[in-house]
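Have a look at the structure below, then the notes.
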Amino acid sequence: MSADTPLNDSAAKPILIIGAGQAGATAAATLRQLGHTGGIVMLGSEAHAPYERPPLSKSVLSGEQADHEIGVHPTAFYDENTIDLHLGRTIASLDVAASVAHDSAGETIAYSHCLIATGGTARELPELPAGTPGVHYIRSLDDARGLRAALAALPAGETVLVIGGGFLGLETASTALTLGRRVVLVEAGSRLLERAVPPALSEWLSARARHAGVDLRLGRRIAKLTHTPDGTSLMLDDGAEVSASLTVVAIGLVPDTALADAAGIAVHPVNRGVRIDAQCRTNIANVFAAGDCASQFQPLFKQEMRMESWQSANEQARLAAAAMLGVDTAPQAVPWFWTDQFGCNFQMLGAYDPALDYILRGNADPDAAAPKFLLLGLDNGHLRHGIAVNAGGDLRQLRVLIEKDLPCAPAALQDTTLNLRQLVRDAVAASPAAPLP
Ligand SMILES: Cc1cc2nc3c(=O)[nH]c(=O)nc-3n(C[C@H](O)[C@H](O)[C@H](O)COP(=O)(O)OP(=O)(O)OC[C@H]3O[C@@H](n4cnc5c(N)ncnc54)[C@H](O)[C@@H]3O)c2cc1C
């Protein structure tokens with residue numbers, strides 16, 4: 001914290017948070033943790049207080065976790081921390097020159113600083129717009145409730161068609177299988193998760209999904225789509241036909257940045273995210289952005305991108321809150337992402353890069369009940385990308401190797417008779433500057 005910067009120097013006007021989701025709720029909490037005692041106003045379009053989205057395709061969809069258990073903070077948090085939370089209210093326009101926002105009810109809110117944390121909307125298939133009977137998208141709690149009810153009502157033996165083999169499509173397919181449904185998944189890419197994981201893991205995951213029971217149509221484009229009250233029928237580009245009364249479309253996210261764009265805030269021409277610097281500032285001095293709607297240069301990926309992850313939403317919110325208050329804070333953590341599917345917990349640290357040499361540690365039998373292994377992406381013996389499958393406990397060690405940029409012999413990393421913790425301790429000991437993990 002910089003001692004000479006007064007907190008709350010613009011306390012008369014509140015800090016406005018647009019979007020009551022993961023990033024918005026984390027920013028509000030961070031502002032209070034950092035000592036901000038001035039006003040915080042948070043508006044969210046949805047009727048629900050900020051909640052975690054990851055369970056929507058997993059435990060909430062399966063019914064294992066109750067809807068009320070997924071709040072980002074306990075319900076009382078907002079009152080206890082004097083956060084002025086308005087639900088079911090949308091900011092319709094921003095006047096950044098005057099530092100005021102206008103909401104859909106016609107009210108005007110003057111702000112000292114503003115955080116745009118508007119997330120995004122599920123990308124729609126033009127032939128199956130949201131609201132089409134029997135067709136589901138999965139972005140919000142209301143979406144998850146609708147899909148959960150539809151899965152429960154699906155007659156035994158009928159098929160769920162999942163269009164899109166990204167993280168969301170795969171998780172939804174996995175959950176539908178655990179609920180005893182048949183699943184056909186159509187993915188246009190030649191391999192699963194092409195931009196996120198190396199080919200070896202894509203192949204492994206395909207085998208795992210098929211072993212679990214998914215009828216996986218990989219590398220298949222939709223040649224013809226017909227929708228009737230009975231469901232969706234696809235003709236694929238190999239001539240195969242697929243029909244289902246229940247369809248889930250999971251083909252990506254469109255960031256909600258029209259508000260920023262209309263206000264003259266810089267938006268990336270390709271990924272459509274609000275452009276932010278390392279402190280999450282936009283091109284307007286007192287306007288910040290965080291989460292799925294934000295586009296930021298990612299040093300590990302060597303490019304500007306929208307991260308679309310729980311951790312990134314939290315990290316950017318933390319950095320934005322600190323920057324608003326003029327407080328020094330720890331730099332952004334190494335990217336971390338997790339997904340749960342087909343009986344496996346995948347955790348990924350760092351960034352996928354096709355130029356890395358990937359090595360395997362452990363036994364990667366896709367048919368095993370609970371396979372456990374690491375896939376490690378190395379650049380000349382330096383770990384850049386660590387993937388832990390049912391081995392989240394090893395992440396702490398991998399984090400040390402990545403954060404300290406310590407070299408480690410690939411042969412030693414592959415040798416499961418050698419203790420990983422000891423290997424990392426040895427690597428740290430060989431590097432005088434790095435403290436022991
Ligand atoms: C089903 C699902 C599963 C996921 N699983 C994982 C996972 O396993 N691991 C992982 O790392 N990440 C996962 N994610 C991603 C993660 O949840 C998101 O990256 C994170 O929620 C992004 O937070 P956010 O605050 O940017 O957006 P959101 O949480 O979407 O919040 C944005 C909020 O802003 C509101 N809003 C938009 N415009 C306005 C406006 N003009 N005025 C007022 N309010 C507005 C929206 O209604 C929304 O409520 C998952 C996401 C989904 C949907």
Side-chain angles (χ1 to χ4, degrees), residues 16-28 41-62 70-72 85-94 101-105 107 109 114-123 136-145 147-148 164 166-172 174-175 196 248 250 252-263 273-274 276 280 289-296 306-318 320 335-341 345-349:
L16 172 64
I17 299 176
I18 306 176
Q22 189 72 47
T26 301
V41 176
M42 179 158 58
L43 275 89
S45 302
E46 292 183 67
H48 313 288
Y51 57 88
E52 309 260 351
R53 287 175 207 271
L56 299 182
S57 46
K58 310 175 185 78
S59 51
V60 163
L61 187 59
S62 68
I70 62 169
V72 177
L85 175 62
H86 298 270
L87 299 174
R89 295 233 330 242
T90 298
I91 295 291
S93 66
L94 269 179
H102 304 281
D103 82 357
S104 46
E107 283 195 39
I109 303 153
C114 168
L115 177 70
I116 299 175
T118 47
T121 308
R123 184 182 299 282
H136 294 260
Y137 289 83
I138 182 159
R139 176 68 192 174
S140 67
L141 178 56
D142 292 343
D143 293 340
R145 285 175 172 167
L147 178 56
R148 190 173 60 201
F167 289 106
L168 244 61
L170 288 165
E171 288 181 355
T172 305
S174 172
T175 303
V248 180
L253 181 87
V254 180
D256 280 340
T257 53
L259 176 73
D261 211 5
V274 177
I276 53 172
C280 303
D292 287 2
C293 70
S295 172
Q296 188 179 42
R306 292 187 308 98
M307 292 298 283
E308 292 184 22
S309 85
W310 179 90
Q311 183 228 26
S312 180
N314 290 334
E315 281 289 287
Q316 290 176 342
R318 179 178 69 77
W336 170 74
F337 183 85
W338 88 96
T339 174
D340 295 309
Q341 45 186 280
N345 167 258
F346 297 75
Q347 298 197 37
M348 306 184 201
L349 203 57

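Being a predicted model, the structure only gives us computed values, none of them experimental. Every number for a ligand or one of its atoms is a count from 1 in the order of the listing.
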With heavy-atom distances below 4.0 Å as the criterion, list the atoms of ligand 1 near [X].
{"X": "Thr90", "answer": "40 (C), 41 (N), 42 (N), 43 (C)"}
{"X": "Ala313", "answer": "22 (C), 23 (O)"}
{"X": "Ser309", "answer": "11 (O), 12 (N), 19 (O)"}
{"X": "Glu46", "answer": "47 (O), 48 (C), 49 (O)"}
{"X": "Gln22", "answer": "21 (O), 23 (O), 25 (O), 29 (O)"}
{"X": "Trp310", "answer": "10 (C), 11 (O), 12 (N), 16 (C), 19 (O)"}
{"X": "Gly291", "answer": "26 (O)"}
{"X": "Arg89", "answer": "43 (C)"}

Quiz item: Shortest non-hydrogen contact from Ile138 to Ser57?
Solution: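 Nearest pair, atom of Ile138 first, then Ser57: CD1-CA, 3.9 Å.
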Exercise. Run down the list Ser140, Pro54, Ala25, Ala47 and name the one with the heavy atom closest to atom 14 (N) of ligand 1.
Key: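 Shortest heavy-atom distance from atom 14 (N) of ligand 1: Pro54.
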Quiz item: Which of the listed options, Trp336, Trp338, Tyr137, Tyr51, holds the heavy atom that is closest to atom 7 (C) of ligand 1?
Solution: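 Closest candidate by heavy-atom distance is Trp338.
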Quiz item: So is Glu171 in contact with ligand 1, going by heavy-atom distances below 4.0 Å?
Solution: yes
Practice problem: Would you check whether Lys58 reaches within less than 4.0 Å of ligand 1, judged by its heavy atoms? | Solution: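 Yes; Lys58 lies near enough to ligand 1 that a heavy-atom distance drops under 4.0 Å.
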Quiz prompt | ligand 1-proximal atoms of Leu168, by part, heavy-atom distance under 4.0 Å | solution =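 Only the side chain of Leu168 comes within reach of ligand 1.
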Quiz prompt | Residue part near ligand 1, for Phe167, under 4.0 Å between non-hydrogen atoms | solution = neither
Self-check item: Between NE2 on residue His86 and CE on residue Met42, distance to nearest 0.5 Å
Solution: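 It comes to 10.0 Å.
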Please write down residue, atom name and distance for the protein heavy atom closest to [atom].
{"atom": "atom 39 (C) of ligand 1", "answer": "Ser45 OG, 3.4 Å"}
{"atom": "atom 34 (O) of ligand 1", "answer": "Gly19 CA, 3.2 Å"}
{"atom": "atom 31 (O) of ligand 1", "answer": "Gly21 CA, 3.3 Å"}
{"atom": "atom 51 (C) of ligand 1", "answer": "Arg53 CB, 3.8 Å"}
{"atom": "atom 41 (N) of ligand 1", "answer": "Ile91 O, 3.0 Å"}
{"atom": "atom 1 (C) of ligand 1", "answer": "Ser57 OG, 3.6 Å"}
{"atom": "atom 26 (O) of ligand 1", "answer": "Asp292 N, 2.8 Å"}
{"atom": "atom 37 (C) of ligand 1", "answer": "Thr118 O, 3.2 Å"}

Practice problem: State whether Glu308 and Arg123 are salt-bridged, where the test is any N-O pair (Lys NZ or Arg NE/NH1/NH2 against Asp/Glu carboxylate O) under 4.0 Å. | Solution: no
Quiz item: Are Asp292 and Arg139 within salt-bridge range, i.e. N to O under 4.0 Å?
Solution: yes
Exercise. For the residue pair Trp338 and Trp336, categorise the inter-ring angle as parallel (less than 30°), tilted (30 to 60°) or perpendicular (more than 60°).
Key: parallel
Practice problem: Could you say whether the N/O atoms of Gly120 and ligand 1 ever approach to under 3.5 Å? | Solution: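 Min N/O separation from ligand 1 is not below 3.5 Å for Gly120.
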Practice problem: Consider every N or O of Gln311 and every N or O of ligand 1, then say whether any pair is closer than 3.5 Å. | Solution: no
Is it true that a side-chain atom of [X] and a backbone atom of [Y] form a donor plus acceptor pair closer than 3.5 Å?
{"X": "Thr118", "Y": "Asp256", "value": "yes"}
{"X": "Ser62", "Y": "Ser59", "value": "yes"}
{"X": "Gln296", "Y": "Ile276", "value": "no"}
{"X": "Thr90", "Y": "Ser104", "value": "no"}

Self-check item: For Phe337, the option from Phe346, Trp310, Phe167 that meets ring pair (Phe, Tyr, Trp, His ring centres under 6.0 Å)
Solution: Phe167
Self-check item: Contact check, side chains of Asn314 and Gln22, non-hydrogen atoms, under 4.5 Å
Solution: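 A side-chain contact under 4.5 Å exists here.
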Exercise. Could you go through the side chain to side chain contact (heavy atoms under 4.5 Å, CB included) check for Ile91 and Ile116 one step at a time?
Key: CA-CA 10 Å; Ile91 295 291; Ile116 299 175; over 6 Å; no
Exercise. Among Val41, Leu94, Leu43, find the one that has a side-chain contact (heavy atoms from CB on, under 4.5 Å) with Ile18.
Key: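 Only one of Val41, Leu94, Leu43 forms a side-chain contact (heavy atoms from CB on, under 4.5 Å) with Ile18, namely Leu94.
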Quiz item: Taking Pro55 as the fixed residue, which of Leu141, Leu61, Val60, Asp340 is the one that meets the side-chain contact (heavy atoms from CB on, under 4.5 Å) rule?
Solution: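 Only one of Leu141, Leu61, Val60, Asp340 forms a side-chain contact (heavy atoms from CB on, under 4.5 Å) with Pro55, namely Val60.
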